[in-house]
A.B. asks: 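I have a structure here, written as structure tokens, and I will follow up with some questions on it.
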Amino acid sequence: MQGMTPTADRPLVLIGAGKMGSALLSGWLDGGLDAKAVVVIEPSPSPECAALLGDAGIVAHAAPPAGVTADVVVLAIKPQIMGDTLPGLRSLIGPGTTVLSIAAGTTLANLEAGLGPAAIVRSIPNTPAQVGRGITAAVANGRVGPEARDLVTRLLEAVGDVAWVEEEAMIDAVTAVSGSGPAYVFHFVESLAAAAVDAGLPPDLAERLARATVEGAGELLYRSDLSPSQLRKNVTSPGGTTAAALDHLMAEDGLSPLMTRAVAAAKKRSEELSG
Ligand SMILES: NC(=O)C1=CN([C@@H]2O[C@H](COP(=O)(O)OP(=O)(O)OC[C@H]3O[C@@H](n4cnc5c(N)ncnc54)[C@H](OP(=O)(O)O)[C@@H]3O)[C@@H](O)[C@H]2O)C=CC1
Ligand SMILES: O=C(O)[C@@H]1CCC=N1
């Protein structure tokens, strides 16, 4: 990873190495971030997290160690505990420290209230970051200068794509689309597998077909220059089987209005989490 600035003396401090924090850390270590430049605060590492930390030779701390000023503090704890946790992290922040929050709902104002004056980026990544294929949208407060923005861009680009937005309100919609979105896709696989069983296939074959179909379609979408709409049309022979299914999925009460309701519910929940 070119130009990473965290060092052993001025580390990247990860607060919370759960599912998303571990996914990011794994991507950063794979991308060349020196494990000696990482401090992890995680009171109860999962077995997966313990294995990741063990392989990298990183020790999990229960609380911020004294005397550490961070180059970057990454907040990857649940939004519900953010308010109680932030004041205890102030000791990590000094001149030039950048704070990168990935918490759903927690606003820049919430973060500033808990941490005091600091350069803060609010972002929403997603779990494909674990395999370098995440997408993160981010918004910065007024204290984030070009260097801090570059540092955050490099960190986030190490695990996928990055989109900076200027309007913080967009982050609730981002959370509902790309932050939560991988779960919608995984549920689609579950639903396709269940439908396959209903259609007469044995469960193991049903899951194998559903999984491989979404993997392959995702890879095709990734590699192709064609729009999703054209790729769909390429599967759909006139009067054929796909058209018969799409008559249901693209009906007035089909997938599109359902997805609109689902995303609206996630967006509303993100707004509620700001407290
Ligand atoms: N999962 C996802 O796909 C995405 C998550 N996010 C955001 O990332 C954040 C983390 O989510 P996720 O990884 O799913 O949640 P997890 O619960 O998996 O991770 C949070 C971790 O923080 C630990 N923790 C609790 N208290 C502290 C503390 N005081 N200091 C340090 N660590 C602590 C938790 O331990 P314990 O379990 O013991 O409480 C847990 O291991 C959330 O804010 C979420 O909104 C954003 C985008 C996508
Ligand atoms: O479910 C959540 O609240 C978090 C934020 C986006 C994905 N997971």
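What you see is a predicted model, and the numbers here were worked out from it, not measured in a lab. Numbering of ligands and ligand atoms starts at 1, following listing order.
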A.B. asks: Above 12 or not: heavy atoms from other molecules or residues under 6.0 Å from CD of Glu271?
C.D. replies: yes

A.B. asks: Which ligand 1 atoms, with their elements, are less than 4.0 angstrom from a heavy-atom of Ile41?
C.D. replies: 31 (C), 32 (N)

A.B. asks: Number the atoms of ligand 1 from 1 as they appear, then name those within less than 4.0 Å of a heavy atom of Ile81, with their elements.
C.D. replies: 25 (C), 26 (N), 27 (C)

A.B. asks: Going by a strict under-4.0 Å cutoff (protein heavy atoms only), does atom 2 (C) of ligand 2 have a neighbour on the protein?
C.D. replies: no

A.B. asks: Nearest 0.5 Å please: distance from the CG atom of Leu273 over to the CE atom of Met82.
C.D. replies: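 It comes to 10.5 Å.
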
A.B. asks: Using a 3.5 Å cut-off on N or O atoms only, is Pro43 in polar contact with ligand 1?
C.D. replies: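 Between Pro43 and ligand 1 (N or O atoms, distance only) the closest approach is not under 3.5 Å.
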
A.B. asks: Side chain, backbone, both or neither: which part of Lys78 comes within less than 4.0 Å of ligand 1 when only heavy atoms are counted?
C.D. replies: both

A.B. asks: Might you point out which heavy atoms bring Leu155 and Trp28 nearest each other, and give the distance in Å?
C.D. replies: O-NE1, 2.7 Å

A.B. asks: Is there a polar contact, in the sense of an N or O pair closer than 3.5 Å, between Glu42 and ligand 1?
C.D. replies: yes

A.B. asks: Distance under 4.0 Å to a non-hydrogen atom of Ala104: what atoms of ligand 2 satisfy this?
C.D. replies: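 Result: 5 (C).
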
A.B. asks: Considering the heavy atoms of Pro79, write down every atom of ligand 1 situated less than 4.0 Å from one of them.
C.D. replies: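 In order of number, 42 (C), 43 (O), 45 (O).
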
A.B. asks: Inspect the contact between Glu272 and Arg269 and indicate whether a charged nitrogen and a carboxylate oxygen are less than 4.0 angstrom apart.
C.D. replies: yes

A.B. asks: Where on Pro125 is there a heavy atom closer than 4.0 Å to ligand 1, on the side chain, on the backbone, on both, or on neither?
C.D. replies: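 It is both backbone and side chain that touch ligand 1.
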
A.B. asks: Under a 4.0 angstrom heavy-atom cut-off, which atoms of ligand 1 come close to Ile102?
C.D. replies: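 Reading through ligand 1 atom by atom, the close ones are 6 (N), 7 (C), 8 (O), 46 (C).
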
A.B. asks: Under 4.0 Å from any heavy atom of Ser44, which atoms of ligand 1 are there?
C.D. replies: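 Numbered from 1, ligand 1 contributes 35 (O), 36 (P), 38 (O).
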
A.B. asks: Please list, in number order, the atoms of ligand 1 under 4.0 Å from a heavy atom of Ala76.
C.D. replies: 9 (C), 10 (C), 20 (C)

A.B. asks: Quick check on contacts: which atoms of ligand 2 are under 4.0 angstrom from a heavy atom of Gly179?
C.D. replies: 6 (C), 7 (C)

A.B. asks: How far is atom 1 (N) of ligand 1 from its nearest protein heavy atom, and which residue and atom name does that atom have?
C.D. replies: Met20 CB, 4.0 Å

A.B. asks: Could you tell me, atom by atom, which parts of ligand 1 come under 4.0 Å of a heavy atom of Ile15?
C.D. replies: 30 (N), 31 (C)

A.B. asks: Tell me, please, whether Phe186 has Arg211 positioned over its six-membered ring: NZ or CZ under 6.0 Å from the ring centre and within 45 degrees of its axis?
C.D. replies: no

A.B. asks: Heavy-atom contacts with Thr85 under 4.0 Å: which atoms of ligand 1 show up? List them by number with element.
C.D. replies: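 Per the distance check, 29 (N).
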
A.B. asks: Are there over 12 heavy-atom neighbours, none belonging to Phe188, within less than 6.0 Å of that residue's CZ?
C.D. replies: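 No - once you tally the heavy atoms of other residues, nucleotides and ligands closer than 6.0 Å, there are 12 at most.
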
